[in-house]
Engineer: 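One structure follows; several queries about it will come next.
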Amino acid sequence: MAMSKDEIRAAVLEIIEEIAPDEDIASMNDEEPIREQIGLDSMDFLDIVMELRKQYKVEVPEDDYNELRTLASTVAYLEGKM
Amino acid sequence: MKYDVVIIGAGLSGIAAGTRLAMYGKKVCILEAHGVPGGLNSYYRRGTRNFDVGLHAFTNYVPKGVKGEPLTKLLRQLRFKHDEFDLREQWSSMIQFPSCSLCFTNDFEKFRSDVHFEFPEEKDNFDALARHIDECNEIDLMAPKFSARMKVESFIKDPLLRDMLFCPTMYYGNPQEDDMDWPLFIMVWKCLFTSGLARPAISMKMFIKKLMDKYVSAGGEILYGKPVTKLVASNGKIDRVMTADGDEFEAEQVMSSAGLVETMRLCSDQKEDAYAEQVGKISAIEYVICLDRMPKDLGLDKTIIFYSNTDKFTFRRPEGVVDFTSGIICAPNNYGDGDIMEEGQVRISHLSSFPAWKKLLGAEKPSEASNEGIEFYQTMKHEIESRCLDDARVHMPEVGEHITFADLFTPLTVKRYTNHAEGSLYGSPEKHRDGRTQYGNLFIIGADQGFHGIIGSMLSGISMANMHCLLENT
């Protein structure tokens, strides 16, 4: 069964928390760029992509990386894919 | 046995690379020659004591929450919390020359104000240099080679200040004689001055255990007592990895932390003395003294002192056995509340010549030497030890009465434990920042890839694993 928007959001936050355990994930804003809010660099960003593949078998091709800019856009992009 | 990736060496770069690969589902195995992990930052036992092999400090220290720094990157990539490393900061360190001393702590402003006070003419020049360095990306894999001597000279006019800046930066990671590669200078500058020095509250043994636990729980395998003796090459690729006991391993990719020269010499189609011009010449002795009290109680309250007995600082392999004109004195107790180690300890290092020691002993190992050679070697060791003790007395006049144990290691010891050609400490002066070799599936990680220090060596393993083994397939 496909995951709901809320479930996807929670799953993405869980991945971010795994990658950056020292950051305050709860106070993240859905509309602002993820990278800037918790200082993700390109290496960390790729980990989000790789964790999505590992945990949910979702492939994010390089051309779509921009879709993962904010939490809201990430959830919208992943809806129906996981 | 068949693996996705075989890693040569369970040093910090190998463990870090392995952890990344195992985390993302690669079947990976580390082959380690020795019985314990850690490589150049391992530990050894003498009597009832565990000694850290090479560690003075973790450089690159930044407090929790500082973004974009090497330590933060490393923690995230390996999924550690900052608190898990339990790092304690240095007290303060010093660069000491005959006509001037400069102190530095983990607060760059302290260093800056010391430089401004001692070199008022150089105020603006020093600030311009610091700003320029700040703007450079030290872990840029494509950074071109450039002379750091020339670059620093273009900012700083006073040769004394220049040499005082080069003394600690060269001692803490320069594989090259006389000059230094500019990107490396930036990296060491940042890890000494703009970030800082720290030590984990737990022993190096426990720290490495933590890393190993992460590696193993991610699914990584490790085999001890497996020195790699041959990399079987054909058609520009490594086909098989062979170990001393005759075992063979097949792998899609091989990552080696053995050093560039050392790795190339393992390849079946290379000569035994291949890449001879790339052997690093910088090596050192280190004299470790254990005390019945803390160094600070004997008068040494600095964490690390980098010193030169002449205002002109030279950094090269000495003509004789040891060069006493400059050195490092380190008190590993002088971090945090001063309670991270139970026993007081002081470590004294000097530049030293591998060929000179080898000539003296008449062999590379005591076990292969004549009785006469061993006698020469031992006599020289005693002489060096008493000179090192004189260095320590400058800061702790009574040190001689409080020694409970002492141990000297020489470049021959470094060679024996690390197998680095000519006992080189920081590997080859030629770095291979993208990790690539002439073999399509063989990559260099660790010192010869070119990142520096404990944090740097782990980042080296991580970035090479990401670039060559994980991202290639995305």
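Residue numbers begin at 1 in each chain, while the letters A, B, ... track the order of the sequences.
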Engineer: Atom NZ of residue position Lys81(A) - does it have more than 12 heavy atoms of other residues, nucleotides or ligands inside 6.0 Å?
Structural biologist: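 Yes.
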
Engineer: Step through the shown structure and confirm whether more than 12 heavy atoms of other residues, nucleotides or ligands are within 6.0 Å of NZ on Lys205(B).
Structural biologist: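 Open.
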
Engineer: Do Arg79(B) and Asp47(A) have side chains that approach each other closer than 4.5 Å (heavy atoms only, starting at C-beta)?
Structural biologist: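 Yes, side chains in contact.
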
Engineer: Is the NZ atom of Lys54(A) crowded by more than 12 outside heavy atoms at less than 6.0 Å?
Structural biologist: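 Yes, enclosed.
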
Engineer: How long is the span from the CG atom in Asp22(A) to the NZ atom in Lys81(B), to the nearest 0.5 Å?
Structural biologist: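 Taking CG in Asp22(A) and NZ in Lys81(B), the distance rounds to 7.5 Å.
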
Engineer: Between Gln77(B), Arg20(B), Met23(B), which residue shows the highest count of heavy-atom pairs closer than 4.5 Å to chain A?
Structural biologist: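 Answer, by heavy-atom pair count under 4.5 Å with chain A: Gln77(B).
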
Engineer: Heavy atoms, side chains only, cut-off 4.5 Å: are Leu46(A) and Leu471(B) in contact?
Structural biologist: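 Yes, side chains in contact.
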
Engineer: Atom CE of residue position Met1(B) - does it have more than 12 heavy atoms of other residues, nucleotides or ligands inside 6.0 Å?
Structural biologist: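 Yes, the 6.0 Å shell around CE holds more than 12 heavy atoms from other groups.
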
Engineer: Taking all non-hydrogen atoms of both residues, which atom of Gly39(A) and which atom of Lys67(B) are closest, and how far apart?
Structural biologist: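 Gly39(A) and Lys67(B) have their closest heavy atoms at CA-CD, 3.6 Å.
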
Engineer: Roughly how far apart are Asp41(A) CG and Arg76(B) CZ, rounded to 0.5 Å?
Structural biologist: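 Interatomic distance, Asp41(A) CG to Arg76(B) CZ, rounded to 0.5 Å: 7.5 Å.
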
Engineer: Counting neighbours of CG on Asp213(B) that are heavy atoms of other residues, nucleotides or ligands and sit closer than 6.0 Å, is the number greater than 12?
Structural biologist: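 More than 12 within 6.0 Å, yes.
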
Engineer: Find the distance between CD (Glu23(A)) and NZ (Lys64(B)) and round it off to the nearest 0.5 Å.
Structural biologist: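 Separation between the atoms: 9.5 Å.
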
Engineer: Rounded at 0.5 Å granularity, tell me how far CE in Met43(A) sits from CG in Leu470(B).
Structural biologist: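 It comes to 10.5 Å.
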
